[in-house]
S.K.: 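Take this structure, written in C-alpha cells, and hold onto it; I'll ask about it next.
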Amino acid sequence: MKNQFKNRKFAIGGMLILIALIFIARLFYLQIINTSFRLSAQNNVIRYVPQFPARGLIFDRNGKLVVHNEAAYDLMVIPSQLSEFDTLGLCNILATEKKEFIKSLKAARAYSPYIPSTIIKQINPETYAKLQERLYRFPGFYVHTRTLRKYSYNIASHLLGYVGEVNEKDIKRDPYYKLGDYIGKSGIEKSYETDLRGQKGVKMYLVDVHNRIKGPYQNERHDSDPIVGSNLTATFDADLQEYGEQLMLNKIGSIVAIEPATGEILSLVSAPSYKPSLLVGRVRSKNYLMLARDTLKPLFNRALMASYPPGSTFKTINGLIGLQERTLFPSTTYSCNMGYHSRGLTVGCHSHRSPLDLPSAVQISCNAYFCNVFRNILDSGKYTDIHESFDSWRNYLLSFGFGQKISLDLPNELKGFVPKSSYYDRYYGKKGWSSLTIISLAIGQGELGITPIQLANMTAAIANRGHYFSPHIMKEIAGGDDNTESFTKRHDTAIDSIYFNTIIRGMELAVNGQAGSGSTARIARLDSIIVCGKTGTAQNPHGEDHSIFIAFAPKDNPKIAIAVIVENGGFGARYAAPIASLMIEKYLKGKTKNKWVEDYILKTDLIHGKQEK
Amino acid sequence: MVSRRNNVFANLDWLVIVLYLVLISMGVINIFSAEYNETTKNFFDFSLRSGKQMIWISAALILALLLLIIDSRFYLYFATPLYVIMILALMAVLIVGVEINGAKSWFVIGPVRIQPSEFAKVVTGLMLAKYLSGPNIKLQKIKNLIISGVIIFMPAFIILLQPDTGSTLVYFAFIIVLYREGLPGILVAIGIALAILFIFTLLFDKLIIVASLIFLAFIIYFFLEKRKKYFLIGAGVFIISGILIWGVNKVVMDNKIDIYMSLLLTISFSSIIFIILSFAKKIKYIVLILAIMAGAIGFTYSVNYFFYNILEDHQQKRINVVLGIESDPLGSGYNVNQSKIAIGSGGFSGKGYLRGTQTKFNFVPEQSTDFIFCTVGEEWGFIGTTVLILIFVFLLLRLLVMAERQRTPFSRIYGYSVFSIFLFHFTINIGMTIGLVPVIGIPLPFISYGGSSLWAFTILLFIFLRLDASRSEFL
Ligand SMILES: [Zn+2]
C-alpha cells in the first residue's frame, strides 16, 4: 500500500533525535561543564537559609513607638549531618538539660534527617555570643536569626494582637509560610499581617561535610534580600489606652472610644487584660495556656465579642426613631406615676417630677416616657400590622450598625443580635404578640445583644448628628497604598440630622443639669467641657446588673465618643459614668483634675470581693 | 488455538519487551532511592513506595499477558464503544470522583484508586486509529480534520475541567499522528510559527514585536517583488505616513499617543494606501503579507490577554520562570531550581546509588513521581541520564519502525499514537526537570511512581505489541 506521507516519518524521527540531543547537551552542561552545580566534594550540599525581615513597627496616633523588635536566635539541626559531638559541652553552653536536649534531637531526627529542625528556640544574645565561637565543633548545628516583638508600652494586647508560629492551616492557605515561620494571630498583627511581615529573602550557601559554610552559592546569583515590613501607625492614643487599662483594673468590662469625625478608635480596653509581652518568645505557649485557663477569660476581647442589652442608653435611639416617624415631638409630654402601667403590666420607674418633655425624659431617664414613645412608634397606624412596624423599627437600628460587624480591621468581632419579627412569631405565634409584649425593648432590655464597639459607634453617630464612619484601628501604613476607601466612607443613619439636637440636649442635661433636677449622670460632669451622656443599666439574670455609660464631648464639634461597660457594676452612674468622664478629660485635656473620682475608680475592685460602696 | 497463541508469542517484538522490563526495573530502583534513608528497612517493604510499585508492576505484567491473549481484531471492533464508555467515565468522575491534589480525577473503590484520565489516552488512540483508517478519510478535507479534532480534544476538554492541566496537554501529542497521516504541512508551519510568536510575545516588549513584524514583512516583500520600484514606493509610503502621524501627534495631540500606538496607526494608515495601490497596479503578495502581519499582531494581542487575564498567577509564574523572565528560587522556580541542583550535583558519574543528598524527602517535592529523573541524575550522573535517554530513544525509534511496518492503517495510526504519547511524556517530563519546559506535572513513563500511570502505559504499549504480532493476519 502506497502512502504519500511516508516520508514524514523522517521528520518525526528527526524531531525525536533532535530532542534527545538537546537533552543530552543540556545535561552535559548541567552535569559536566557547569561546575557550580557539581560541587567539589562528593557530599557537599546547598543550604537554603531564609532571611527573615524585621516586622514593621507599630506607632500610636501621636507617633509614639508602641511595638518594636529585638533579635532572637534559634539553634537549628540537620540530623543527617551530625557526627559524634560533645553533647554535655553543648548543653553547658546553652544552659539546657541534657535529657531535654536529647529528646528534641530525637524528635528532629524522626521528623526528617535532611530538613533542618529547630532544637532550641530563642537563645538570648549572651548565650548566642558564646555559642557562635564554638559552633564549628558541632557539625550539623547552625544558628538562625529572627526577630521578636518587644513592647515599649506594655498595653493594648487586645488591639495589637500577638504573633505566633504558623499552623498547618496557615501553610495550606498561603504557601508563603513554611513550618516554623511566624504570623500575626490576632488584632492588628493579624489584620495587617501582609504589610507588617514584609517579604522573606533567601540566601544559598555551599556547605561542606563539616557543616562549614564554604561561601555563597553561584555568587549569590539566586539570593534575594528580605524586604522589611512596613511600619504602621495605629489610631489609638497610647497614653489614653494605658490610662483606660488602669481604670479598668480589677473590673470586668470594656471601654471603646472613637473619634466621631473619622471613626478612628482612640482606645479599646477589654478587662481583665494581659500584658502583650506575656505572649512573646519562649514563654508564649506556657503563658497562653495560663491565660486560656483563667476563669476571668483575659484572652476574650469583650469590646468586640461580648454582647449586652444596652439598657437605658438605648432610649436615645428610641427617641430619635419616634421623632423621625413623627409619632413623637420634642414638646410631647407624658406623665409618670412610678412607672408605666398598661393592661396589668408595669414597667417600674423611680420617683421624679412629672410630666416630662423629651429632653427631660432623657435627662431623668424616665422609663414610662419611653414605653409610651416605643408603643406609639409600633402602633402608629402607619403600618398594617406589628410585623411591618417592628421590622421598620429594626431597620432604624441596623442603620446605626447594630446586628452586624462594624469594625473594618479588627478580627473576630461578633455581630450582636437584633431580633426580627419572625423571632417573636416563633415564641408567641404570628398573632400572639403586640407592642406591649416586647415593651422591654423600649428601655433597651430584652432580646437585644449589642457589643461595646457597636455602642461606641452609636454614640459617635449621635455625636455626628446622624452619620458615622466605620470604626478602624489603622491610621497609616508607611509606603502602603492600601485601599482605604472604606475608611472614609460615610454611613448615614436613617434619622435626619435635625432630630438629634433634642436628644443631645437631653444628654447634655443628664450630665450638666442643676443639682436636684434629677440628672442621672452628674458624676460625669467636667468643669470646662460640655459632656453629653446617657447612663444605662443592663439587667443581668446571673448577678448584679452591668453598669453602662455612653458619652461624647465636647457637645459641639465632638472629638471623642465613648462607651463604657462595667460588668456587675450596678447603675450606670456608679462606675461607667465616672470612668467615661475621666477618659474624656484625659484625652481632651491630657490630665485629670478630679482626683477623688479617679481614686475612687482606681481603688474599686469588683473581682476580688472587696467592692467599695 | 494453541498454534495461534504460539504464533502470537513467536511474532512478538521481544526487543521492546526487554526495553520495557529494563525501564520498569530502573524505575523501581530509583523510587526506592528517592525514599531511602538510614531507617529504611528493605526494598520490599510494602509500606514504602518502592514496595507498592513492585505490586503495581506485578499487576501490570499480568495485565500485559492478558492483553496479548485477546484477539487483535477486538480493538478495531470495540474502539467506538470503548470510546463512548471512556467519555462517560470521565464525566462521571467529575461528579462522583474524589479530589486528590486539587484535581477531581479519581475513582475510589475500597482500597483501589483509579484515575480514568490515564486510560483515556489509550482509548482515544484506538478511536482515532479507527476513524482515520476508515474509507475516504483524508485530513486535507476540513470535515475529517474537524472530526479528528473532536475525537482528540473532547476527552482533553473534560479532563481540563477536573482540572488536570498536565493530562490535558498530553492530547496535543496526537498532532504528531495527524501530521504523519497527512495533516496539511501549512497548518503545521502555522502552528510552529504561532508557538514561536507566543514565546517571543512573552519575552519581548510589544513594541519590539510589532516593529520586527513590520520589518519582517518588508524583507519578505523585498524578496518576493521583482519590480523593485514598487518596493521603494511602499517603503516611501510607510516612512511618509510615519512622519505624518508623528507630526500630528506632536502638534495636535500633545504627544499623547505613545510610540507603540503611533507605530500601529502608521502601519494601518499605510496599509490602506498599500491595498489601494496593489489593486490599482495589480501588485501581488501585498494583501497576503499585510493580512499575515495583521493576524500576527492580533495574535500577540490575544496572547497577552490570555496570559494576563486567563492564566492563573502560578501558571504565569511557571512559564515566566522557564523563559527566564522571573527568578523566584523559593516560589514556583523552587522545584526546578532544586531539581537542576540535584541533577547538576551528580556530575559525570553520580554520587552512587542511595548516596544522593539533594533528592531525599522534600528537597524536591514529587520526588518519586514527576521528579524521579533528578534521582537518576544525582546518583547516576551524566552516564546514568544519558543511558536512560538513549534507552528511551531506542524504544521510541523501535516503535516508529514498528508503526511503519504495519500493513493496516489502523495499526499504523495506533502505533503512532503510542509513539507520540511516549514522546510527549518523555520530552515534557525530562525537559521540566532540567529547566527547559514549564513545570507540567506528568509522569516519566515506566519510571515514575504510580499504579494508574504504569498500567495505562503498559496497556498502551501491549495493545500495540499485540497488533504488531498479528500484523500479517490483517490483509
Ligand atoms: Zn419615670
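Just the heavy atoms: all of them, side chains too, but no hydrogens, waters or symmetry mates, feed the values below. The shown structure was predicted, so the numbers you read here are calculated from the model rather than taken from an experiment. Throughout, a chain's letter reflects where its sequence line sits, starting with A, and its residues are numbered from 1.
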S.K.: Measure distances from B:I434 to the heavy atoms of chain A and classify the residue's part below 4.5 Å as side chain, backbone, both or neither.
M.R.: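 For B:I434, heavy atoms of backbone and side chain both lie under 4.5 Å from chain A.
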S.K.: Name the region of B:L423, side chain, backbone, both or neither, that has any atom closer than 4.5 Å to a heavy atom of chain A.
M.R.: side chain
S.K.: Could you check whether atom CD1 of B:I186 has more than 12 heavy atoms from other residues, nucleotides or ligands sitting under 6.0 Å from it?
M.R.: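 No - once you tally the heavy atoms of other residues, nucleotides and ligands closer than 6.0 Å, there are 12 at most.
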S.K.: Distance from A:L21 atom CG to B:I389 atom CD1, nearest 0.5 Å?
M.R.: 10.0 Å
S.K.: What are the two closest non-hydrogen atoms of A:K6 and B:E404, and how far apart are they?
M.R.: NZ-OE1, 3.1 Å
S.K.: Heavy-atom count around B:K141 NZ within 6.0 Å, excluding the residue itself: above 12?
M.R.: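 Enclosed.
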S.K.: Identify the two heavy atoms, one from B:F382 and one from A:I24, that lie closest to each other, and give their separation to 0.1 Å.
M.R.: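 Of all heavy-atom pairs spanning B:F382 and A:I24, the closest is CE1-O, 3.6 Å.
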S.K.: For the atom pair CZ (B:F419) and CG (A:L16), what is the distance rounded to the nearest 0.5 Å?
M.R.: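 The distance works out to 5.0 Å.
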S.K.: What residue among B:L396, B:V393, B:T427 forms side-chain contact (heavy atoms from CB on, under 4.5 Å) with A:I19?
M.R.: B:T427
S.K.: Once you measure the plane-to-plane angle for B:F426 and A:F23, does it fall in the parallel (<30°), tilted (30-60°) or perpendicular (>60°) bin?
M.R.: tilted
S.K.: Got a second to check how far A:L27's CG is from B:I343's CD1, nearest 0.5 Å?
M.R.: 6.5 Å
S.K.: Between A:R8 and B:L183 (side chain of the first, backbone of the second, donor and acceptor by atom type, cut-off under 3.5 Å), is there such a pair?
M.R.: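 Yes.
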S.K.: Just verifying a value: how many Å separate B:Y179 OH and A:M15 CE, rounded to the nearest 0.5 Å?
M.R.: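 Answer for the OH-CE pair, B:Y179 versus A:M15, is 9.0 Å.
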S.K.: Are any side-chain N or O atoms of A:R26 and backbone N or O atoms of B:L436, one a donor and one an acceptor, separated by less than 3.5 Å?
M.R.: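 Not confirmed, A:R26 side chain does not pair with B:L436 backbone.
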S.K.: With a 4.5 angstrom heavy-atom cut-off, which part of B:L400 approaches chain A: side chain, backbone, both or neither?
M.R.: side chain
S.K.: Which bit of B:F422 is near chain A, if near means a heavy-atom gap under 4.5 Å: side chain, backbone, both or neither?
M.R.: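 Looking at B:F422, nothing touches chain A.
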S.K.: Going through the distances and angles, do A:Q31 and B:F348 end up as a side-chain contact (heavy atoms from CB on, under 4.5 Å)?
M.R.: CA-CA 6 Å; A:Q31 299 188 293; B:F348 180 70; over 6 Å; no
S.K.: Could you look at A:Y176 and say if it's the side chain, the backbone, both or neither that has a heavy atom under 4.5 Å from chain B?
M.R.: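 For A:Y176, no heavy atom lies under 4.5 Å from chain B.
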